[in-house]
Amino acid sequence: MGALICAHDWKTSPLGPPATWPAPLRTTVSLMLSSAFPMFVAWGDELGFLYNDAYIEILGDKHPHALGQAFHAVWSEIWSDIDPLVRKAMAGEATYMEDLFLRMQRNGFEENVWFTFSYSPVRHEDGSVGGMFCACTETTARVQAEEDLRRKEAELRDLNTTLEQQVQERTAQLQISQYIVQSSADPICAFDTDYRLIAFNRAHRDEFYRIFAYRVQIGDIFPDLFPSDQSSVMRGFMTRALTGEVYTVTEEFGDPNLAKPCWEVSYSPLRDSAGCIIGAFHYAKDISARLRADVELASTQDALRQAQKMEAVGQLTGGLAHDFNNLLAGISGSLELMQTRMQQGRLTDVDRYMTVAQGAAKRAAALTHRLLAFSRRQTLDPKPTDVNRLATGMHDLIQRTVGPGILVEVVGATNCWPALVDPPQLESALLNLCINARDAMPDGGTITIETANKWMDERAVRQHDLPEGQYLSLSVTDTGTGMPPEVIPRVFEPFFTTKPFGEGTGLGLSMIYGFAQQSGGQVRIYSEVGQGTTVRIYLPRHYGAVEDETAVEGISDLPRSEQGETVLVVDDEPTVRMLITEILEDLGYAAIEAGDSATGLKVLQSDVRIDLLVTDVGLPGGMNGRQMADAARARRPDLKVLFITGYAENAILGNGTLPMGMGVLTKPFAMDNMAARIRSMIEGSKEQAHHA
Ligand code: ADP
Ligand code: MG
């Protein structure tokens, strides 16, 4: 640097040529040049910059043009950092800085650097400060090394803590696993990735002994303890658990000679805190007893379903009792008035009261008929059914059940296809839907019962989960509360109800669902909260016609009997006998009466001509009507029999499967209906005789 300073052109420098430099500057420069420690001098008003060989490295590419430049121009990028220190030195105060951090640009880029240095003022002979002197050393490498070390130490500390934590966690986890295994009353064990038992509880050991007479030990290969057919299954289960699956299976295992119960086994993987699978839990529960209980539950559910039906009947009865009273009042009132008018000799009025009484009695009979049909327990007996007619026929009954606050409308599709369905079951379903609708409309509203023909194409079929084809739909729509979206998927579950305890059984919709499915159809629900609900039943179309119900002719239109045809009437109720006898006489038959089965049978076993036996089923005299008829047929194999019966005696008659030549008429019956049946049975027997 000495040489450089000598050779430098100082004309442009604020310092001027060295020959003109004052003595303190010259002394300082020569001290500096002879030192091997990095140093510089800044002198004069502009602080002209002079430095030594050792300082060149610090300057980087600022060397050599830094020589003679103003100090702030040489170190412009760090000037704001060092300016206060420079001012201090120029004011006569020395400073010492250790590891001062600076961002320097001396190699064409910015870098982090650290310096330890001192600034000292350099004075003229008169004591005034002419410049400053700096001895400095770059400590970047050391500082960085120290920082590195500190970081590594911190990392090491962290690592130690993590390891310590891991050890603690693992210990805790193992303790928890042990605790879980030990605390359960059901058999639990844990095995590692080699299928070796690593833990088991007493229950596990005892149960294993019970089913295999073997005492398990830690380290046993668990699946290999099972007989070969069960072992591969077990190994499969365990492998699934070791791949991380959490699941439950039901499987029988055990030695058939000891015990082979049905087990519900749950598996879950055992992991270390890093999440790696180190084994799995095997949690077994003997569910044989529960399975047996399930079977019982199924029969209880059956009973409950029956109870639910009875509940609907109960709902009906409540509404009907009231109406029946009114009808009875109409009948007995009319009778009383008739009696009065007859005593008064005003016979012209009698006809009117008669009509009133008959009308009331007919309505009452229609209602009971429905009720009785409803309470019968039937397995599905699908018949071609006119659903329009069925719905219209139910209108009155439904209206009575839901009460006057609700308007019930039936909107039948024109040319409605017949459906293949069990009619009483469909009636029961319809009534249940209407009861649900009523419950959803505590403040009244409208129930719309609608039928429609539906052709399910490929798309619709997917949507409705039905085979492609033609269906008939029956919908019940209400204007009630609707169902929240989370309720809709649950309503078909047996026992699901949102109604207060004692009011809902939760079986209505589940029964309807089962019925629709069993009938080859489907149920769908559309509901919006606050708007209302539509429940739609799809039923398969029947291709063909519906058999017409036998048209009933009026009694007066019936042809009168031929001479001598005789009917035996057996009933313990004199009024019924009397009524039937009168009908018979109107039709021109001779009637014989009997009040019990013994008397009846005596007549039947005599040689008296009998063209038809009309008998009650429940009879005094040691035999019921059916037994009496069967006994009579031993002597008169072709005897025609018409049973008159209440629904309770249905079973005695073989639930509707009667031998040839026997028929049933359900009480209460209309007189004209009875007349038509008697007539057709006697005529039928004559036809047969002709054919023979
Ligand atoms: P239950 O009537 O005994 O509660 P259901 O199986 O008939 O049993 O109905 C189940 C549930 O479905 C009802 O509790 C009710 O929450 C809901 N639900 C059924 N029908 C309707 C309807 N028309 N409007 C609103 N909610 C209904
Ligand atoms: Mg219900």
Side-chain angles (χ1 to χ4, degrees), residues 297-298 300-320 371 374-375 377 391 394-395 397-403 405-411 422 424-452 473-519 521-539:
L297 182 66
T300 313
Q301 281 174 347
D302 216 32
L304 253 165
R305 262 190 282 282
Q306 188 58 17
Q308 201 273 348
K309 207 177 200 178
M310 291 320 289
E311 179 196 294
V313 175
Q315 298 258 18
L316 275 175
T317 323
L320 291 181
L371 244 184
F374 187 78
S375 64
R377 184 180 174 156
M394 293 278 290
H395 191 174
L397 184 80
I398 290 166
Q399 183 68 69
R400 283 164 202 276
T401 308
V402 300
I406 291 172
L407 174 68
V408 181
E409 290 178 334
V410 179
V411 184
D422 182 321
Q425 290 289 334
L426 186 60
E427 285 178 350
S428 155
L430 179 58
L431 187 66
N432 269 316
L433 289 180
C434 292
I435 291 172
N436 277 352
R438 179 201 65 186
D439 292 347
M441 299 189 289
D443 302 324
T446 306
I447 295 178
T448 310
I449 302 168
E450 234 169 319
T451 59
S473 77
L474 174 66
S475 324
V476 175
T477 301
D478 64 56
T479 54
T481 54
M483 304 177 210
E486 69 273 13
V487 165
I488 298 177
R490 302 203 52 201
V491 295
F492 291 128
E493 286 173 22
F495 307 113
F496 176 83
T497 179
T498 58
K499 293 170 192 174
F501 181 75
E503 277 181 35
T505 58
L507 289 171
L509 287 177
S510 64
M511 274 178 57
I512 290 168
Y513 182 83
F515 161 65
Q517 296 265 315
Q518 208 186 334
S519 306
Q522 192 57 276
V523 195
R524 285 285 175 263
I525 291 187
Y526 310 87
S527 188
E528 249 178 74
V529 173
Q531 301 295 307
T533 301
T534 296
V535 182
R536 184 164 298 147
I537 304 179
Y538 292 98
L539 299 166

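First listed ligand is number 1; within each ligand, the first listed atom is number 1. All values below come from the heavy atoms of this structure, side chains included, with hydrogens, waters and symmetry mates left out.
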Q. For atom 14 (O) of ligand 1, which candidate among Thr498, Ile488, Val529 holds the nearest heavy atom?
A. Thr498
Q.
Could you measure the distance from the CG atom of Leu474 to the CD1 atom of Ile537? Nearest 0.5 Å is fine.
A. 5.5 Å
Q: Drop me the distance from Phe496's CZ to Arg490's CZ, to the nearest 0.5 angstrom.
A: 5.0 Å
Q. Hey, does Gly482 come in under 3.5 Å of ligand 1, counting only N/O atoms on both sides?
A. no
Q.
Any nitrogen or oxygen of Lys499 lying under 3.5 Å from a nitrogen or oxygen in ligand 1? Just yes or no.
A. yes
(Q) Could you check whether any side-chain N or O of Thr401 sits under 3.5 Å from a backbone N or O of Leu397, counting only pairs where one atom can act as donor and the other as acceptor? (A) yes
(Q) For a quick test of reading the model, state the closest non-hydrogen atom pair linking Phe492 to Ser510 and the distance between them. (A) O-CB, 3.0 Å
Q: Identify the heavy atoms of Leu430 and Ala391 that sit nearest to each other, and give their distance.
A: CD2-CA, 4.1 Å
**Q.** Pairing residues for Ile488 by the side chain to side chain contact (heavy atoms under 4.5 Å, CB included) criterion, not counting sequence neighbours
**A.** Met483, Ile525, Ser527
Q) Can you name the residues that form a side chain to side chain contact (heavy atoms under 4.5 Å, CB included) with Thr477, not counting sequence neighbours? A) Thr448, Thr534
Q: List every atom of ligand 1 that sits less than 4.0 Å from any heavy atom of Asp478, numbering the atoms from 1 in the order shown and giving each element.
A: 22 (C), 23 (N), 24 (N)
Q. Which of the numbered atoms in ligand 1 are below 4.0 angstrom from a heavy atom of Val491?
A. 6 (O), 11 (C), 12 (O), 17 (C)
Q. Under 4.0 Å from ligand 1, counting heavy atoms only, is it the side chain of Thr497, its backbone, both or neither?
A. both
Q: Record the part of Val535 in heavy-atom contact with ligand 1 below 4.0 Å; permitted values are side chain, backbone, both and neither.
A: neither
(Q) Closer than 2.8 Å to the Mg ion (ligand 2): does that hold for any N, O or S atom in Asn432? (A) no
(Q) Measuring from non-hydrogen atoms of Gly480 to any atom of ligand 1, is the shortest distance under 4.0 Å? (A) no
